[in-house]
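See below for the structure under consideration.
For clarity, every value in this text was computed on a predicted model and none was experimentally measured. Letters A, B, ... are given to chains in the order of the sequence lines, protein chains preceding strands, and every chain is numbered from 1.
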There are 2 protein chains.
Amino acid sequence: MTKKNANFRNESRSITIADVARVAGVSVPTVSRILNDKEYVAEETRQRVHEAIRTLGYAPHTQARRLRGGVSMTLALHHPIESPHELSSVIEIPYVTGAAAAASEKEYFLNFLVSQLNPESILNMYRSNQIDGIILLQVCMDDWRVNLLRENNYPFVMIGRCANLEGLSFIDLDFENAMLQAFDYLIELGHQNIGFLTYPQSWRKIGIGPAIRSLEGYKHALNKYGLHGCYREIGLNSVEEGFEGTNDLLQENPELTAIITVSHLTAAGSIKALALHGRNVPQDCSVMVTGFGGNFANVVTPSLTTLEWSPYEISYQATILMTEKLANKELPAQQILIPPKLVVRESMKEVR
Amino acid sequence: MTKKNANFRNESRSITIADVARVAGVSVPTVSRILNDKEYVAEETRQRVHEAIRTLGYAPHTQARRLRGGVSMTLALHHPIESPHELSSVIEIPYVTGAAAAASEKEYFLNFLVSQLNPESILNMYRSNQIDGIILLQVCMDDWRVNLLRENNYPFVMIGRCANLEGLSFIDLDFENAMLQAFDYLIELGHQNIGFLTYPQSWRKIGIGPAIRSLEGYKHALNKYGLHGCYREIGLNSVEEGFEGTNDLLQENPELTAIITVSHLTAAGSIKALALHGRNVPQDCSVMVTGFGGNFANVVTPSLTTLEWSPYEISYQATILMTEKLANKELPAQQILIPPKLVVRESMKEVR
DNA sequence: GCAGTTTCTGATAACGTTATCAGAAATCGT
DNA sequence: ACGATTTCTGATAACGTTATCAGAAACTGC
């Protein structure tokens, strides 16, 4: 017990800047200067210190640096949904990886926030220097998070949009553009009767952006081309709702030659329903999907032509934006709308 | 400029324990004691301090706590794949949310690690006290991460298994069990000719557990029931490979009445191929899927009967395990195999 | 009423780093 | 050759917290 390994429990004690200084025969601040690439260090000293660092296997103590520096070099990616299980259906992994990649590129860490976070706990994360900024996923029109963070003057970037955007930075999907693009393409193929299966009414009512703006976009597009349309607001996560929604649409307007949906699952339901009405896709009716989930598009037969966004890119850009804001507080608010990309597969055809 | 707000840039300076102490009229250590629920504090003092905390909006400075305490209260979830884009096809979001939920429950933070991490940078994360432990996703037989962490005596938990498991903790999918379960069910339905579309050969060769053990499990199960089988090792991410694989299987054994696949996409390809051979699923041939991705199962027609694991649960359990290990270094290694759950849908039927 | 215990509190010193200052050594200009 | 500048280095003090110690106050038991 009197042995040298009395500090056995201390096995994880890390090598400090002081150890390096001792080995290199310099002072502690000098090592620090070298670690931080400050000017005014003799080349010879620099080399000696670097060698000591290498032989000792020294790594700077992150917590200490952060305490001293006043920043945590950590960002949070926050999703509002309470139940983590539900999350899986809405948020895709590229949202996480995109943010993680951007963060690591800028030498930040990324915490993924899940679970029931109340306002107080979010404020606390910032106050307690756990995080320097937040990237908000799935921002809706009247988002309590936005109000909270704005009031408290906390740095954040939104993926999605809220109501009063003045002075706020966001990245969002350009739904109006998407609908116009969809119509441009459909019109080009000769379609005049275009149905729409969109997000649930409940989503629109609680102010979820995609639900609001895609319907607006649909109406704009109808206007632009002087067409009448018909739409249904249905759930996204079941083939059944697509099936029933399509039945409804066909009852209202049997002349439909094209249906736009906002989820691959409902599109699958659409195809089923159309088949039951004796209509093959794409020969007798075209089906187009706007949204995410390129993976699904190829599972359905026929494979689905889509207007898609890359969640990876969006999340990546939002995170870069956050780091830039943190690096330069004076940076004016950036408001970025991302247009979707048309990916032609099998589910659309010219009107005969 | 001589104004009080010379410390303007200091606007984010947080309220410290010292402020609380001053307001409450006590000493700094006393506040600390109260914050950490230590014994020996007068009830009256406790209340006074708590009130000061509330009125000031104080939150403990995480970095300082961690510096003092020597732990970071942060875990990392690490995935080995280099390109973040590829990640999306293999790792699902519940892996992240499950770990995040467990971490937050145990008052840890969770960093999601992505991008090209070399050995050195992983060691550094630990050495530099950024993280207290790592949860490794997708561990394969000869995983460099495992060797590295084991050699350096770093705390980690695996999702998946490597070669030499002595003294290591892991959570893995029980593939042998899965194959036996699959066969039990298939035999019950009267099937005797059971084909298998499994993971790519390349995966097996580089030692990816599912690829190795599901094939082993298949062979065991054949043995158990005294059957002959036929299998193909194909890619997972395309309907086409499922299509071609199934054609191959049917050529080798036209008597097949059931096919097991390990991905929903290849199952979809299977169904296509069977249809082309005039065989309807499930009337003329059953299709079963083992693996993740319950979402996909309902997109395909007919919907797919599956043996599925919950990535959320697995990740959750692995993370809890990690925290327990950190809380108690003496805890013996835990090695946990999770059996899959049979979810009956439409794609399987009794043999006529 | 006094030693012995328990309950409470505050000074002090760390944790590992970096900013600030000031002093020493080297280089420069005249 | 001498002051002025530039280059380099080290003491010192912070960042916000907690562990340790010791002392004060309040209780015990006789």
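When the P atom of C/dA14 is taken as reference, atom CZ of B/Arg65 falls 22 Å away, rounded to whole Å. For the pair A/Ile17 CD1 and C/dA19 C1', the computed distance is 13 Å after rounding to whole Å. The interatomic distance linking B/Gln63 (CD) with D/dT17 (P) rounds to 11 Å, in whole Å. Rounded to whole Å, the distance from NE2 on A/His61 to P on C/dT18 is 12 Å. When rounded to the nearest whole Å, the span between CG of A/Asp19 and C1' of C/dG16 equals 11 Å. For the pair A/Gln130 CD and D/dT17 P, the interatomic distance rounds to 12 Å; values are reported in whole Å. Separating the CG atom of B/Leu67 from the P atom of C/dA14 is a distance of 14 Å, rounded to the nearest angstrom. In this structure, B/Arg46 places its CZ atom 12 Å from C1' of C/dC8, rounding to the nearest Å.
Remark: the B/Arg68 side chain and the D/dT17 base include no donor-acceptor N/O pair separated by less than 3.5 Å.
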Applying side chain to side chain donor-acceptor pair (under 3.5 Å) to B/Thr74 and B/Asn111, what does each step give before you reach the verdict?
CA-CA 7 Å; B/Thr74 303; B/Asn111 280 346; 5.4 Å; no
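Judged purely by distance below 3.5 Å, without hydrogens or angles, the side chains of A/Glu43 and A/Gln47 pair a donor atom with an acceptor atom. Between the side chains of A/Gln130 and B/Thr62, at least one donor-acceptor pair of N or O atoms lies under 3.5 Å.
Between A/Cys140 and A/Gly207, the closest heavy-atom pair is CB-O, 3.0 Å.
At a non-hydrogen distance threshold of 4.0 Å, B/Val28, B/Pro29, B/Ser32, B/Asn36, B/Lys38 from residues 23-45 of chain B come into contact with DNA chain D.
When side chains are defined from C-beta on, B/Phe156 counts as touching B/Val146, because their heavy atoms get closer than 4.5 Å.
With respect to B/Arg46 and B/Asp37, a salt bridge is recorded, a charged nitrogen being found less than 4.0 Å from a carboxylate O.
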